[in-house]
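The block underneath contains the structure these notes are about, expressed in structure tokens.
Letters go in sequence order (proteins before strands), and every chain restarts at 1.
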Amino acid sequence: MNLPAHRVVLDASDISRSVTRIAHEILEDSKGANDVVILGIPNRGVHLAHRIGGLIETFEGREIPVGSLDVTMFRDDLRRGKLRSLEPTNIPACGIEDRLVVLVDDVLYSGRTVRAALDALGEFGRPRAVRLAVLVDRGHRELPIRADFVGKNLPTSRSETIRVRLREVDDTDEVVLEATS
Amino acid sequence: MTRHLLSCEDLTAEDAILILDTAKRLGELSTGPMRKLPTLRGRTVVNLFFEDSTRTRISFEAAAKRLSADVINFAAKGSSVEKGESLKDTAMTLEAMGADAVVIRHPASGAPYRLANAGWIGGSVINAGDGTHAHPTQALLDAYTMRDHLRGGTGDLQGLRVCIVGDILHSRVARSNVSLLTTLGADVTLVAPPTLLPIGVEEWPAKISYSLDDHLPETDALMMLRVQNERMNSAYFPSAREYSRRYGLTASRMSRMPEHSIVLHPGPINRGMEIASEVADSPRAVIIEQVRNGVITRMAVLYLLLGGSESGLGDLVDEEATA
């Protein structure tokens, strides 16, 4: 029998260090995060966004607006697959007009989710700039998109699957590489 | 897998909640300066209206356009239908034009069912009101409005006390609401004079009452139905004034309802007839919200039927998002 090989590529402390580093990098890049708005892409990107926002709040001692942005309606591959259910969109009260928006997702792969997110942002205003933070960049981009803040670069083959588990939804923090042969 | 939305009887509680949740998400996406969502770009939605209904038609039209679908309005008046074209030939014409969905309003109960099941068209059929049978999207927007106000906008309507008042006999809105609201767990009471209750109503999953006053203190949501002008002189009740006195919602009647309660009306309203002007203008009347919720609810139905490679009603598989 040919069982899929599982390999934990990031454990809880790796994830914690990555998220902390990303929070510091955002702070540094934005020179104090004064006009930063952090928007997570459902599902797991939202939890990461809240972690990052929480850390910046601890470092700086003031509130950082964090929200969520569902990009489903803006995807270009909707008709290719089964219907996707919609997830919450929650834009902080300050809005995104002239703000520095940091999009957060768990895995960066084809780049199509991020493209959809850039379109979705247009519904709510025109940010000063948009940055992208991801926990894992696994390569295989299909669009000219890159991340500004990366937890871990993970070269993968297309036949492999990356599973990000976060304690908010999965009771554990880990990133697993599954090689389905 | 259900490709069509024909009546609320076809919806499980799961389906209904999925539609309401989807509508809520769409409402969240439509807060700012609303622009079009690109989701149904390249899809064609035909509004096929054999009965005049400006409100329902423009609501479906707005919903389809906000999702970037192409919309064709086909009104029976002044069309080939007046020249004697049958439903079948109309349907086959629309099919040849590549309609992905047909929204149909028809005076004959069952016309949408025939359109969906006769094999004339390959697209989805959405019932926008047929005869005295069903008006599922109206019931869905009513349920959405009740859930939004009285259940925090999530889950079902377990235990919600709903009164539907007026011409139950001719009302497809009442039929669809009884079906959907009870599927979602609400307790429904129908209030009307005996002449405006249909034969066999005791078989419906609802309580029956002839007195509005008895129920006011125990009502969370009160739905007033329009008294259709054409019924006024048909001996269903002695006079418009008498109907209004016994079944009209006045300010003093509203004051006997619980603080949190809301008043719904599918519109258009007859001020001074089934609903007093001051009630219609009070903050507890959610009639204008119903109109807004109608658009997002219909967007949700269109998205769920047309958004993916197959319909999302009946069997939704929520894939792990692949970045």
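Distance check: B/E310 CD to A/L83 CG gives 9.5 Å after rounding to the nearest 0.5 Å. Note that the CZ atom of A/R84 and the CG atom of B/L304 stand 14.5 Å from one another [nearest 0.5 Å]. Atom OG of residue A/S85 and atom CG of residue B/L18 lie 7.0 Å apart, to the nearest 0.5 angstrom.
Across every non-hydrogen atom of B/L29 and A/D70, the tightest pair is CD2-O, 4.1 Å. Across all their heavy atoms, A/E123 and B/K36 have their closest contact at OE2-O, 3.7 Å. Among all heavy-atom pairs drawn from A/K82 and B/S309, the shortest one is N-OG, 3.9 Å.
Counting heavy atoms of neighbouring residues, nucleotides and ligands inside a 6.0 Å radius, atom CZ of A/R79 exceeds 12 of them. For A/E142, the CD atom is densely surrounded, since the number of other residues' heavy atoms within 6.0 Å is greater than 12. Crowding of A/F59 atom CZ: a count of heavy atoms from other residues, nucleotides or ligands under 6.0 Å exceeding 12. Annotation: B/E14, atom CD; neighbour count of heavy atoms from other residues, nucleotides and ligands within 6.0 Å does not exceed 12. The 12-atom threshold is not exceeded at CZ of A/R7, counting heavy atoms of other residues, nucleotides or ligands nearer than 6.0 Å.
By the side chain to side chain donor-acceptor pair (under 3.5 Å) test, A/R115 is found to be paired with A/D119, residues two or more places apart in sequence or in another chain being considered. Scored by the side chain to side chain donor-acceptor pair (under 3.5 Å) test, B/T145 finds B/N293 as partners (sequence neighbours excluded).
No other option in A/T89, A/I162, A/V134 has as many heavy-atom pairs under 4.5 Å with chain B as A/T89. The candidate with the highest count of non-hydrogen atom pairs below 4.5 Å against chain B, out of A/L78, A/D76, A/T72, is A/L78.
For A/T161, no part lies near chain B; criterion is any non-hydrogen pair under 4.5 Å.
Annotation: side chain of B/L26 is in contact with side chain of A/M73 (closest heavy-atom distance under 4.5 Å).
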